[in-house]
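Note sheet for the following structure.
The chains referred to below are lettered A, B, ... by the order of the sequence lines, with proteins before strands, and numbering in each begins at 1. Just so we're clear, the structure is a prediction, and the values are computed from it rather than from any experiment. No hydrogens, no waters, no symmetry mates; every other heavy atom, side chains included, goes into these values.
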Amino acid sequence: MNSKEIRKAFLDFFAGKDHQIVSSAPMVVKNDPTLMFTNAGMNQFKDIFLGNQPAKYVRIADTQKCLRVSGKHNDLEEVGHDTYHHTMFEMLGNWSFGDYFKEDAINWAWELLHDILKIPADRMYASVFEGSADDKLECDDEAFNLWRKFLPADHIINGSKKDNFWEMGDTGPCGPCSEIHVDLRDDDERAKSPGRDHVNKDNPLVIEIWNLVFIQFNRKADGKLEELPDKHVDTGMGFERLCMVLQGTKSNYDTDVFQNTIIKIAELCNKKYGENQKSDIAMRVIADHLRAISFSIADGQLPSNNKAGYVIRRILRRAVRYGYTFLEFKEPFIWKLVETLKNNMGDAFPELISQQVMIENVIREEEESFLRTLETGIRLLDRSLPPTPSKGGGVLSGELAFTLYDTFGFPFDLTSLILREKGMSVDEAGFNTEMEKQKERSRNAAVQETEDWVELKKIEQVEFVGYDQLEVEVNITRYRKVTQKNKEFFHLVFDRTPFYGESGGQAGDSGYLIADGQRTKILDTHKENNLIIHFANKLPENPSAKFAAIVDAQKRKMTMNNHTATHLLDHALREVLGTHIEQKGSLVNSEYLRFDFSHFQKVSREELDKIQARVNELIRENLVKEENRAVSFDEAKTMGAIALFGEKYGDFVRVIKFGDSVELCGGTHVPATGQIGSMIITSESAISAGVRRIEAITSDRAEEFVKKHLDELSEVKGILNNTQNLKKSVEDLLAQNNRLQKQIEEFERKAASGIKQELKNKIHVINGINVIAEVIQLDSAQAVKDLAFQLKGEVDNLFLALGSVIGGKPSISVMIAENVVANKGLNAGTIVREAAKEMQGGGGGQAFYATAGGKDVSRLAAAVDKAKSFVK
RNA sequence: GGGGGAUUAGCUCAGUUGGCUAGAGCGUUUGACUGGCAGUCAAAAGGUCAUCGGUUCGAUUCCGAUAUUCUCCA
């Protein structure tokens, strides 16, 4: 079976067991502060497990794109070195939400693996939870007995809490789990030792392929377990591993999931896979990382310098690094592999097809930029090494290696590789110490203590009423205290709320609660999964009271103006630039709006003018908002809606329509576009390959902006006696200024040359040195300098000391011909410093030319005399 | 969110106890050589040293803030 058939077999099997097949959620997670990427199949159902949202179907199955870069078994730096770890992988899963439990889950797992996919029973092992004294839990006999129907007792293994008790986090839903392992070793190996001795022992050929989790408890912050009213099943089977088992290979990378890419890489670097351990690792790293990067970019997550974008950048750079070091790629190459990946996986994930060009461009740009970083790093490293390494090899300090890494992004392993080539080494322990310090700093800064929710009132789901109302009566349903950096504040959740929680690029609302005359300020509102969380710096005296919740209406109104303007801008962009425009990000708050979109060149001034004019036209048309809060996804598409990217959609979506602009959007909008007043584009810039950013302001801000500029203009006009043609007046003025400037220079030049002649006449010779020491009338440091250098060129054996008053302050310059410096041991720097003391100043410079300033103008002549006195 | 850097000519970058007439390479322009292309040589233009404030006789250089950007950690 090829991988496409395997995927299909899984989904078809569970569809046959009354499961609803749903599509994979985006790999990049929004609205969950604890998670940047989907790292398990259950992520998109988290709200159901947490009880924040009812389940739409009680049985679901899917394949989910996941990304893991850290965790107990998963360190990014290990990926590629073995044959079965990945950054991005597919997780096949089936779920029961309060429906079937252990029995069906185990029976079906067996049916699929053994009866349908024909994995031999003698190669399979199951593990069950052995119990835990800490948590007062017994062994999971139920699971054991279910497995006994299919497997002999010596193929069932008791697993510890570490392996067989699954927890979502420190707190939350959890329960025992049962893993299915497959022994893929050759028969002679299997004869030597039974497979059960290798389960969970990191043997690459005895692997876990499916984990069946039975969620039956909730872990509280104090560590205690509480039985859940509804029990759930959550399973996850590694797709790539399943392919390896069914295709009879010894490595995930030998399956058709990866081989096409690896063949392409081998072709590009002109090496064969399977001939050299180091280049094999590099090829695996690249084949793996290519998937992670491409899927992230397709999901709209571009590489950047923090958060999720930074993780993507790091993965990409790791791939480049391996290619650079072990496959001798010195030019961008990863982008060329996207085509192969698309051919391989585009069927199951069509976003790879529609986004191919985008993905290629972004990857190429990133590769180029990282190769530049490497070049800079190599230069810096070269410079910090001694020119000839001492015999027996020098050692580069860990601090220096860390600076290269931390500040300049130069990978540590490259540092040590380059040093090895030079017969040197690097202090790795020192490097690690520095790294620990850095981590410590970050941890301390990020530490946040979150207490348990205090639940006041049980509700099924929070109701958001802020589309229609800005003031409403609410109850607090739960609250918790959060402490960060010695500052404490509270998270409040209401039964219903007029406050918009930050999401979809729109900033959260602020405002206040009021009860019994007591006000509680709401500083900000965030959306966490399906909860709308209000941030307050104190808890109301009586949290159980009925509150009036009041949104800051002015701020909200400005935000709405900007949000609707964003839709109009999106629409205008498509009209003016073409329908290839796709949203890549958006920020809307009460101050301004920011819109990132795909477009492959700079938007010209003329195009911007057109776009802005079009938006303002739409504003003046006073288009009335047409809002539909429950449209099926398909219906919305036929309406021509633009799907805002990265949102997590239910089966029903909200559609916002202004004239021909139709978008899926959860944000708040003006009743009619006229309210926006006007929009002004304030900037257009590039944020990444193929992505441009437009920033704009609307309504009051736009008006202020125009007023400020008009005021400025009229002020300038006023200064120019209210000229009729401002542009010409300024041009004339500049031209005149230019002319005068030149005249002054000419004049100064003449004056200086006059002074120069005079000075030449005043030369007196002391011991063969031509000495000039005078106070002159020049008031520019530059002019004095020029004069001094000219005289040096024209008079041999010169000793020059010039006093002048510059900007009201006395200044002295000393110039000594180089040969005089050498022969007489004179130093202009020391002379000038001594001389400046006469006028309460100081100075310095080089041996042949130095300057000094002072405070006491009346002592200028004395200072010049002092300087002269050094000539003997 | 926290730490460390960077910002100097159109581009890539040098520039240390604070005073070096602020430089290099590439690019641009001009001239010479050649039958033309290309090239070689010569010369020139091009700088608010990111912005604002402070210390100082004097700041590209030191200090602080801001902006932009890179990088590492969370």
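Summarising the base pairing, B:G18 is matched to no nucleotide, lacking a Watson-Crick or G-U wobble pair whose two defining distances lie under 3.5 Å. Remark: B:A6 base-pairs with B:U68; criterion is Watson-Crick or G-U wobble with both hydrogen-bond distances under 3.5 Å. Using Watson-Crick or G-U wobble geometry with both donor-acceptor distances under 3.5 Å, B:G1 finds its partner in B:C73. Under the Watson-Crick or G-U wobble criterion, with both distances below 3.5 Å, B:A42 is paired with B:U30. The partner of B:G25, taking Watson-Crick or G-U wobble pairs whose two distances both stay under 3.5 Å, is B:C11. Under the Watson-Crick or G-U wobble criterion, with both distances below 3.5 Å, B:U61 has no partner in any strand shown.
One P atom belongs to B:U29, the other to B:U34, and the distance between them is 22 Å to the nearest Å. Taking atom C1' in both B:G25 and B:G46, the straight-line distance is 15 Å, to the nearest Å. Taking the C1' atoms as reference points, B:C20 lies 15 Å from B:C49, given to the whole Å. B:U28 and B:G15 are spaced 27 Å apart, taking the P atom of each and rounding to whole Å. Annotation: B:A6 and B:U21 have their P atoms spaced 26 Å apart (nearest Å). Distance noted for atom P between B:U61 and B:A9: 15 Å (whole Å). Annotation: B:G3 and B:A65 have their P atoms spaced 11 Å apart (nearest Å). Taking atom C1' on both nucleotides, B:G18 is separated from B:G1 by 37 Å, rounded to a whole Å.
Atom CD in A:E436 sits about 18 Å away from atom P in B:G4, given to the nearest Å. Rounded to whole Å, atom P of B:G58 lies 16 Å from atom OH of A:Y849. Rounded to an integer number of Å, the gap from CG of A:L404 to C1' of B:U71 is 12 Å. Across the protein-nucleic acid pair, A:L374 atom CG and B:U71 atom C1' stand 13 Å apart, rounded to whole Å. Straight-line distance from the CZ atom of A:R372 to the C1' atom of B:C11: 11 Å, rounded to whole Å. Between the CG atom of A:L381 and the P atom of B:G5 there is a distance of 19 Å, given to the nearest Å. Across the protein-nucleic acid pair, A:N432 atom CG and B:C73 atom P stand 12 Å apart, rounded to whole Å. For the pair A:F410 CZ and B:G4 P, the computed distance is 23 Å after rounding to whole Å.
Just one residue in the list A:I312, A:V311, A:D299, A:I297 forms a side-chain contact (heavy atoms from CB on, under 4.5 Å) with A:V28, and that residue is A:D299.
At B:C73, one or more side-chain N or O atoms of A:Y405 fall inside 4.0 Å of OP1 or OP2 (strictly under the cut-off). Using a 4.0 Å cut-off, no side-chain N or O of A:Y310 falls inside it from OP1 or OP2 of B:A74. Contact check, A:R441 against B:G1: no side-chain N or O comes under 4.0 Å of OP1 or OP2.
For A:F535 and A:F489, the ring centers are positioned less than 6.0 Å apart.
Nucleic acid contact class of A:G854 (heavy atoms, under 4.0 Å, all strands): sugar-phosphate only. Contact annotation for A:R317: backbone-only contact, meaning every heavy-atom pair under 4.0 Å involves sugar-phosphate atoms and none involves a base. Among the atoms of the strands shown, base atoms are found under 4.0 Å from some heavy atom of A:A852. At the heavy-atom level, A:G409 lies under 4.0 Å from the strands shown only through sugar-phosphate atoms.
In this structure, A:F597 and A:F595 have parallel ring planes: the angle between them is below the 30° cut-off, well short of the 60° mark.
In terms of heavy atoms, A:R68 sits closest to A:A40 at NH2-CB, 4.2 Å. Shortest non-hydrogen contact noted between A:A773 and A:K868 is CB-CD, 3.6 Å. The heavy-atom pair separating A:D524 from A:H526 by the smallest distance is OD2-NE2, 3.1 Å.
Considering only the side chain of A:F789, B:U21 comes nearest among B:U21, B:C57, B:C72. Here B:G4 is the nucleotide among B:G4, B:C73, B:C57 with the atom lying nearest to any side-chain atom of A:T407. Nearest nucleotide to the A:Q438 side chain, out of B:G3, B:U21, B:U71: B:G3. Of the candidates B:C73, B:C72, B:G5, the closest approach to any side-chain atom of A:R314 belongs to B:C73. Listed nucleotides B:G2, B:G19, B:G4 differ in distance to A:T851; the shortest reach to its side chain belongs to B:G19.
Both A:K809 and A:K439 lie near RNA chain B, and the one whose nearest nucleotide falls closer to the 5' end is A:K809. When each of A:F408 and A:E440 is assigned the nucleotide of RNA chain B with its nearest heavy atom, A:F408 is the one assigned upstream, toward the 5' end.
Residue A:D406 places a side-chain atom within donor-acceptor reach of the base of B:G3, judged by atom type and a 3.5 Å distance cut-off alone.
The backbone N or O of A:G844 lies less than 3.5 Å from no partner atom in the side chain of A:R833, so there is not a single donor-acceptor pair.
For the pair A:K538 and A:F490, the cation-pi test (distance below 6.0 Å, angle within 45°) is failed.
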